[in-house]
Q: 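Before I ask anything, let me first share the structure, which is written out below as structure tokens.
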Protein chains: 2
Amino acid sequence: MYEQLYNSIHEHVTLSEEEWELCKASFIPKRMRKRQFLLQSGDVCRRLAFIEKGALFSYSLDENGNQNVIQFGFEGWWIADLYSFLTDEPSELNIEVLEESELLMIDRDQNNELMEKVPAFANYNRILFQNAFVALQRRIKNTIGLSAEEKYTRFLEDYPQTKERVPQHLIASFLGMTPETLSRVRRSLTKS
Amino acid sequence: MYEQLYNSIHEHVTLSEEEWELCKASFIPKRMRKRQFLLQSGDVCRRLAFIEKGALFSYSLDENGNQNVIQFGFEGWWIADLYSFLTDEPSELNIEVLEESELLMIDRDQNNELMEKVPAFANYNRILFQNAFVALQRRIKNTIGLSAEEKYTRFLEDYPQTKERVPQHLIASFLGMTPETLSRVRRSLTKS
DNA sequence: ATACAGATCAAGAAATTGTATTGATCTATG
DNA sequence: CATAGATCAATACAATTTCTTGATCTGTAT
């Protein structure tokens, strides 16, 4: 139940046995079924979720009610609305479950407490944020001002696993194009 | 957006224009899609939900993970786990959305405040509880110690609309029989 | 013992919903 | 005005949910 989290942390820092026990104790496991909402826009995002197993995605809805996919998340990743989490403002995002998932949840107080008690965990947090920031920059770079086909081929390079696990229309939304366009791009790619 | 609530209240009591405005202001509208949870067992039920539109149902899960349907709710009805709402204990029920729904939510403080300010609303509350109690008694009477066929025919009389709007296996669970048994009962009824 | 109501198990059929593709326009921009 | 991509509408295809059916088993009342 905690393997992925263990791996994720130990990829970046080292914890003693007791530290890891403290750490485990700070998380609350939660199972979620497909189509459930981890977060609904309007609610405050009170916890970070580490994905032990499964798949989720976050999106916002524009004025016309169109889904705008922000992020996908799979096992070994974190998902949350950081803005809402940090500011306590109601979120404008929805986070929805794509596949039956197992999550490890931690709220702000627990997280802060854990960072105090276990400095390596604080480091881990810092590294995560740095990585998230870099990934976001890269995403923006790869989404703006490219042709539909280029966006998609870069997406395939950056997130090869994603294509296999999420419906195409969500990928289209993630890349800022319509499902039809993506479908045509894919056809033209297989032909050539 | 508030028609059903207006009707429901005015079926039982009369409100002045200002009272009705106060009343409306105490509710928070919320839209929910199919399969979403209004309440999950383990959480405290902090609000009553009035159904303006749509359909929901509440159920508990027994040790073996079987759904046990407690109640269906359609437009013009209330749904909540009253026990948890009143005691602040974590609920053992789940409330799930069956059809795209529009709800009007009120929490305990708002409800109390409204009852204080608008005595007719307090009356409405009392009448609702009485009715709910009576309906529950009737349900128990019609569920215990009857044959599967009798349970189903009484169910049809008591809740004619329900049959049209909810999957059969949920009705079976509501009546305390297996889906297979209900299927056979229905067949034998149409034959005769 | 055995008859009967209903449960359980397993398999399919039927229906519904979600996802992907395609063609036919339409629109903005270089 | 040519092109990339959007929009609209129809359809095909896939996956999931829901319902039905047959076979067998269990407990209770006769």
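The model shown is predicted, which means the values in this text are computed figures rather than measured ones. Numbers restart at 1 for each chain; the letters A, B, ... are given by sequence-line order, proteins then strands.
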Q: Between B:Ile171 (CD1) and D:dC19 (P), how many Å, whole number?
A: 8 Å

Q: Honestly, is B:Arg139 close enough over B:Phe174, meaning NZ or CZ under 6.0 Å from the six-membered ring centre and within 45° of the axis?
A: yes

Q: Please state whether the phosphate of D:dC19, meaning OP1 or OP2, lies under 4.0 angstrom from any side-chain nitrogen or oxygen of B:Arg187.
A: no

Q: Kindly assign one of parallel, tilted or perpendicular to the pair B:Trp78 and B:Phe50, based on the angle between their ring planes and the thresholds 30° and 60°.
A: perpendicular

Q: Would you call A:Arg33 and A:Glu100 a salt bridge, using N to O less than 4.0 angstrom?
A: no

Q: Taking the side chain of B:Ser147 as heavy atoms from C-beta outward, which of C:dG6, D:dA6, C:dT19 is closest to it?
A: C:dG6

Q: If I take atom OH in residue A:Tyr152 and atom P in nucleotide D:dG5, what distance separates them, rounded to the nearest angstrom?
A: 15 Å

Q: Tell me the interatomic distance from B:Met177, atom CE, to C:dT8, atom C1', rounded to whole angstroms.
A: 16 Å

Q: Assess whether a salt bridge exists between A:Glu75 and A:Arg165, defined as any Lys/Arg side-chain N lying under 4.0 Å from an Asp/Glu carboxylate O.
A: yes

Q: May I have the distance from B:Asn66 (atom CG) to C:dC9 (atom C1'), rounded to whole angstrom?
A: 14 Å

Q: Atom CD of A:Glu99 and atom P of D:dA15: how far apart are they, to the nearest Å?
A: 14 Å

Q: How close or far is atom C1' of C:dT19 from atom CZ of A:Arg165, stated in whole angstroms?
A: 18 Å

Q: Taking the side chain of B:Thr178 as its heavy atoms from C-beta onward, which of C:dA7, D:dT18, C:dA20 lies nearest to it?
A: C:dA7

Q: Taking donor-acceptor contacts at under 3.5 Å, does the side chain of B:Arg184 reach the base of D:dG22?
A: yes

Q: 5'-most contact on DNA chain D: A:Val185 or A:Lys34, nearest heavy atom basis?
A: A:Val185

Q: Does B:Thr181 make a side-chain N or O approach to OP1 or OP2 of C:dA7 shorter than 4.0 Å?
A: yes

Q: Kindly point out which of D:dT7, D:dC19, C:dG6 is positioned nearest to the side chain of B:Gln168?
A: D:dC19

Q: Measure the distance from CZ on A:Arg33 to C1' on D:dT16 and round it to the nearest whole Å.
A: 13 Å

Q: Would you indicate which nucleotide in D:dT20, C:dA7, C:dT22 comes nearest to any side-chain atom of B:Ser183?
A: D:dT20

Q: Using 30° and 60° as the class boundaries, would you call the ring planes of A:Tyr152 and A:Phe155 parallel, tilted or perpendicular?
A: parallel

Q: For A:Glu100 and D:dT16, what is the distance between atoms CD and P respectively, to the nearest whole Å?
A: 12 Å

Q: Look at the side chain of B:Glu180 against the base of D:dC19 and say whether a donor-acceptor pair falls under 3.5 Å; ignore hydrogens and angles.
A: no

Q: Between B:His169 and D:dT17, does any side-chain N or O lie under 4.0 Å from OP1 or OP2?
A: no

